[in-house]
Amino acid sequence: MKFAQEYQKHLAQDGYPPHWVASAISYRQLKKCIKKVQKELSELGLDGETLSEALRSQYVLSGCENGSVKGQFVPKLLVAVDEATGEPLDAKLAPETRTFLQELAVSQQLSDTRITDVSTDLSSRRSSSDDESSLESQEYRTIKMIEVPLSSDSEFFSMLQDELSGLTELQEQEKFQLNRQVLALSHAVAKITESSSSKSKHDLQQWRKIFELYLSGNIFFSTAEQDHGAHNYAKAHQRLQKFTKDLNSQVKMTVFKRKESQVFLQQFLSINLELLQNLKYQEMNFTAMNKILKKFDKRTSLSVQPNFPPTLSSTLLSQSTSKAICASLSTSLISLIPQIDDYLCPVCFSLAWRPVRLRCQHVFCIRCLIVLQREGQDHCPLCRGCVVIEADVDNLDDDMAKFMRKWFPGDVKAKQKENERATAIDLYGPAYDTKCCVM
Amino acid sequence: MALPKRIIKETERLMAEPVPGISAVPHEENLRYFDVTIDGPSSSPYEGGTFKLELFLPDDYPMTPPKVRFLTKIYHPNIDRLGRICLDVLKSNWSPALQIRTILLSIQALLGAPNPDDPLANDVAQRWKEDEKAAIQTAREWTAEHAKKA
């Protein structure tokens, strides 16, 4: 299937809101515009073949400097002509074109406003023309660049630029909207976490599991060593699906005790879906833009792609929306509910219960600290400071213990039991651990 | 004896998020014993080679360091003929907060930065000091001969 058709089909069928569809890059119109450019160029005798082979010319998009764009930019085709006569320096041009260019040069020089002075080192220029010898004999013949007006070309770029800025605007709007949703949701979830009713406590544990799954799902970005960075639509889509599946299998939706929680979860999921849709739309527009520029180059031989300001194209490519929303999700929503991964003992990898804070501020569970002391290891496992032996009951971190009891009651209980068992083994020997409990 | 939670967690993470250029797979019958491969670091004489190692977690791990040994022959001043490795974090500088993945990364780094001033294989270290170019060439040849990818 041709790209134009495929593109239209995606726009129509992928369930984008109407204003998104309206703002998408109008590939067909741009394509028509390219045809006009092509026609215009060939009327000037500057068809693709001539331009790519024979012409000593420069094609620039003025108005953009160092990749940034100031206002509208205008494409310019600059052709080298002899300063004195206005005669084009390329021999392969058809006679009519030469006459046209010469007239153009003369008129431009008369008005003197549109001459671009380009001091060019002639000898370094690759010249395929047969007047090369004459150039060399008149070593210091200077050349001027004259500008060939390309009206339909300007039309093409103003159209493309309008669309791109429209898209950027749309993206900003979406970003703003999503961000507002995230903040509202965070606010609401915060209320649940602050409440101390038993129902809320129960729901907290549910939310904790959900966020744990969400974080380990690495949906829009990956933090793994092997594939870190942003995900494209296909990957994010796949990851989000997996997350939803895991969610359904591991966290029973019906076990929320407060009705609001259920609603919030739906909102949370819909924000993610919307983000995904955004990503898809961005990717599609980016492809459309690249394709249309490629087509432009192919049809006209004016190589625009290397000249095209990267800032313009990068707004489309950038994952700025997903980045911003993901950041706001994790700072305002997910951080509401502490994750156990942040409170593990770095030695045994389970909850650091009871927490002991050494002089160097590193926290370990009491069990691991006792073992370290017994082995005579004075160095903190994290910073190698000599702080282990000196630790005593004053190093127990009661605030953190309280915090852990609030947020990880289940894990605290399990670790407490484990610690007691280990202590008993220390006291009575490994026989304690045998499962005989008939006493 | 049941496997400590720490070892289970480390193994899970090694499987789910492997370190680029390093693999560690536990034996089914002994989950404390790992088959390890490390890719030689680029722009080192070991580039292009894949080195096999064995790694064993003793009973009191992580209070004591894992035991690691090269199985593939390698020409390196800090690795001897039996594959034993001279690396501080495997001995005196071990810390229970270090892990299998961090240790294997240290070993990979050791391949990229041989230290002939703290030798384990004396003959190799001496040659490394006297004629580094030739030593590196030998290391390259050994890599090509013994550590070629299967």
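Owing to the predicted nature of the structure, the values given are computational and were not obtained by experimental measurement. Numbers restart at 1 for each chain; the letters A, B, ... are given by sequence-line order, proteins then strands.
For A:Glu418, no part lies under 4.5 angstrom from a heavy atom of chain B. For B:Pro20, the parts lying under 4.5 angstrom from a heavy atom of chain A are both the backbone and the side chain.
The aromatic rings of A:His362 and A:Phe364 stand perpendicular to each other, their planes meeting at an angle above 60°, with 30° marking the opposite boundary. Aromatic ring orientation, B:Phe56 versus B:Tyr33: tilted (interplanar angle from 30° to 60°).
Of the residues considered (B:Lys5, B:Met63, B:Glu17), B:Met63 shows the highest number of contacts with chain A, using heavy-atom pairs under 4.5 Å.
Within residues 125-143 of chain B, no residue has any heavy atom less than 4.5 Å from a heavy atom of chain A.
Taking a 6.0 Å sphere around NZ of B:Lys91, one finds it holds more than 12 heavy atoms contributed by other residues, nucleotides or ligands.
If you check the side chains of A:Tyr343 and A:Asp411, you find no donor sitting under 3.5 Å from an acceptor.
Residues passing the side-chain contact (heavy atoms from CB on, under 4.5 Å) test with B:Pro58, sequence neighbours excluded: B:Asp60, B:Tyr61, B:Thr64.
Judged by distance alone, the side chain of B:Asp35 and the main-chain N or O of B:Pro26 form no donor-acceptor pair under 3.5 Å.
Between A:Phe211 and A:Phe268, the ring center distance clears the sub-6.0 Å criterion.
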